[in-house]
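Structure first, then comments.
FYI, side chains are in, hydrogens and waters are out, and symmetry mates aren't considered; it's all heavy atoms of this structure.
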Amino acid sequence: MKSYKDILSSKISWCANISSPASSPITIYESLRVFGEKYKGDLKRARDIYEEEGHGSESYKKIKAALPCFIYGGVCPAGSNPNDGNLKPSSLITIDIDQHDNEGVDLDFYREEILKMKGVVGVYKSLSGKGLWILLLVKFPDKTREHYKYFARLLKQKFGLNVDEQCKNLSRKSVLGYNPHCQDSTNL
């Protein structure tokens with residue numbers, strides 16, 4: 001199993017925004033700590049807009065689309081759009097748990113329990129602050145979909161949580177959420 005230091009220093013791709021091609025690779029540490037700090041004002045503003053106007057508002061969609069995105073699944077060539085075929089795997093996947101797929105469930109209640117699960121590197125709040133996303137270390141990067149399905153079933157069986165089925169590809173772009181107490185929401 002990789003050490004946390006190795007995980008943090010793993011390279012991943014990132015994009016300036018949701019529609020941009022990949023830029024030069026960065027470390028996972030940079031994605032979580034450096035970008036989080038650099039964009040905290042925008043991230044907090046996005047959460048405030050979500051609270052005031054809701055998920056479907058044009059203001060929320062616009063700010064979300066303008067924020068940097070990270071491909072925790074690995075590295076693709078700079079200047080290209082990430083897809084599962086051009087990605088060199090990082091041994092990590094992200095799993096989204098959206099509030100609208102878990103109506104009436106206090107997802108914050110499960111953060112610490114999910115964090116204790118084998119392979120979980122971190123549990124973070126989504127951009128809206130209502131959902132969660134999980135950074136999961138996988139043993140066999142060529143079996144990403146199988147890992148995803150297994151962990152989704154485990155979350156359903158253990159906690160009754162539904163995961164976002166649309167987010168199972170390795171090359172998924174993830175928008176960083178506002179996590180001011182990142183040390184409290186990760187076991188890194």
Side-chain angles (χ1 to χ4, degrees), residues 7 12 18 28 31-32 35-36 39-40 42-73 82 84 90-139 143-188:
I7 293 168
I12 60 169
I18 198 73
I28 290 173
S31 76
L32 295 172
F35 276 84
Y39 287 91
K40 71 180 177 183
D42 292 330
L43 297 170
K44 185 169 178 342
R45 190 164 56 254
R47 186 168 290 175
D48 291 344
I49 290 170
Y50 183 91
E51 284 292 326
E52 293 169 13
E53 301 177 21
H55 185 267
S57 82
E58 288 304 314
S59 301
Y60 181 73
K61 288 179 186 177
K62 185 176 178 180
I63 196 167
K64 183 176 180 178
L67 288 167
C69 300
F70 305 93
I71 300 92
Y72 289 102
D84 286 3
S90 69
S91 299
L92 295 164
I93 58 174
T94 57
I95 296 179
D96 288 356
I97 304 173
D98 295 330
Q99 185 65 60
H100 66 267
D101 292 332
N102 296 279
E103 289 294 327
V105 176
D106 178 8
L107 295 178
D108 279 340
F109 177 80
Y110 294 102
R111 288 175 79 195
E112 290 300 317
E113 291 305 311
I114 294 169
L115 191 57
K116 294 175 190 173
M117 295 174 76
K118 186 175 181 171
V120 173
V121 174
V123 180
Y124 307 93
K125 287 193 174 209
S126 64
L127 180 63
S128 70
K130 301 299 181 192
L132 299 174
W133 64 274
I134 301 164
L135 192 56
L136 182 69
L137 183 64
V138 296
K139 190 171 186 175
K143 304 275 188 207
T144 302
R145 281 183 175 47
E146 290 84 353
H147 283 288
Y148 184 93
K149 287 178 185 177
Y150 171 78
F151 201 76
R153 277 194 314 272
L154 193 59
L155 288 170
K156 182 68 172 175
Q157 290 170 352
K158 193 168 182 153
F159 305 118
L161 298 174
N162 299 306
V163 301
D164 185 344
E165 285 294 321
Q166 297 178 35
C167 303
K168 58 186 164 196
N169 58 324
L170 191 60
S171 58
R172 168 156 172 62
K173 290 181 178 180
S174 298
V175 176
L176 187 64
Y178 179 61
N179 288 279
H181 304 296
C182 204
Q183 296 293 348
D184 297 334
S185 62
T186 181
N187 64 6
L188 293 180

If you define the side chain from C-beta out and look only at heavy atoms, does anything of [X] sit under 4.5 Å from [Y]?
X    : Y    : result
L43  : L127 : yes
I63  : Y50  : no
Q99  : L107 : yes
L136 : M117 : no
R172 : W133 : no
I97  : I114 : yes
I18  : K173 : yes
T94  : F70  : no

(message) I'd like to check the salt bridge (charged side-chain N to carboxylate O under 4.0 Å, His left out) partners of E51; sequence neighbours left out, ordered by chain and number.
(response)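 Here the qualifying residues are K130.
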Considering all heavy atoms, the nearest [X]-[Y] contact:
X    : Y    : result
G122 : L115 : CA-CD1, 4.0 Å
F151 : V120 : CZ-CG2, 3.6 Å
L137 : L92  : CA-CD2, 3.7 Å
I28  : I12  : CG1-CG2, 3.7 Å

(request) State which residues pass side chain to side chain donor-acceptor pair (under 3.5 Å) with R153; sequence neighbours excluded, sorted by chain then number. (result)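 For R153 there are no side chain to side chain donor-acceptor pair (under 3.5 Å) partners, ignoring immediate neighbours.
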(request) Mind checking side chain to side chain donor-acceptor pair (under 3.5 Å) for N102 and listing every partner two or more places apart, or none if nothing turns up? (result)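 With sequence neighbours excluded, N102 shows a side chain to side chain donor-acceptor pair (under 3.5 Å) to no residue whatsoever.
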(message) Within this structure, what is the CG-NZ distance for the pair L161 and K156, rounded to the nearest 0.5 Å?
(response)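 L161 CG to K156 NZ: 8.0 Å, rounded to 0.5 Å.
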Should the pair [X]-[Y] be classified as a salt bridge under the 4.0 Å nitrogen-to-oxygen rule?
X    : Y    : value
D84  : R145 : yes
K116 : E113 : yes
R45  : D48  : no

(message) Between S128 and S126, is there a side-chain donor-acceptor contact under 3.5 Å, judged purely by atom types and distance?
(response)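 Yes, because at least one side-chain N or O of S126 sits under 3.5 Å from a partner of the opposite role on S128.
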(request) Please work out whether the ring planes of Y39 and F35 are parallel, tilted or perpendicular, with thresholds of 30° and 60°. (result)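 Parallel, since the angle between the ring planes stays under 30°.
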(request) Let me know which of L155, V121, I93 forms a side chain to side chain contact (heavy atoms under 4.5 Å, CB included) with I134. (result)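 Answer to the side chain to side chain contact (heavy atoms under 4.5 Å, CB included) test with I134 among L155, V121, I93: L155.
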(request) Determine yes or no for a side-chain-to-main-chain donor-acceptor pair under 3.5 angstrom, with N162 supplying the side chain and D101 the backbone. (result)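 Checked: pair present.
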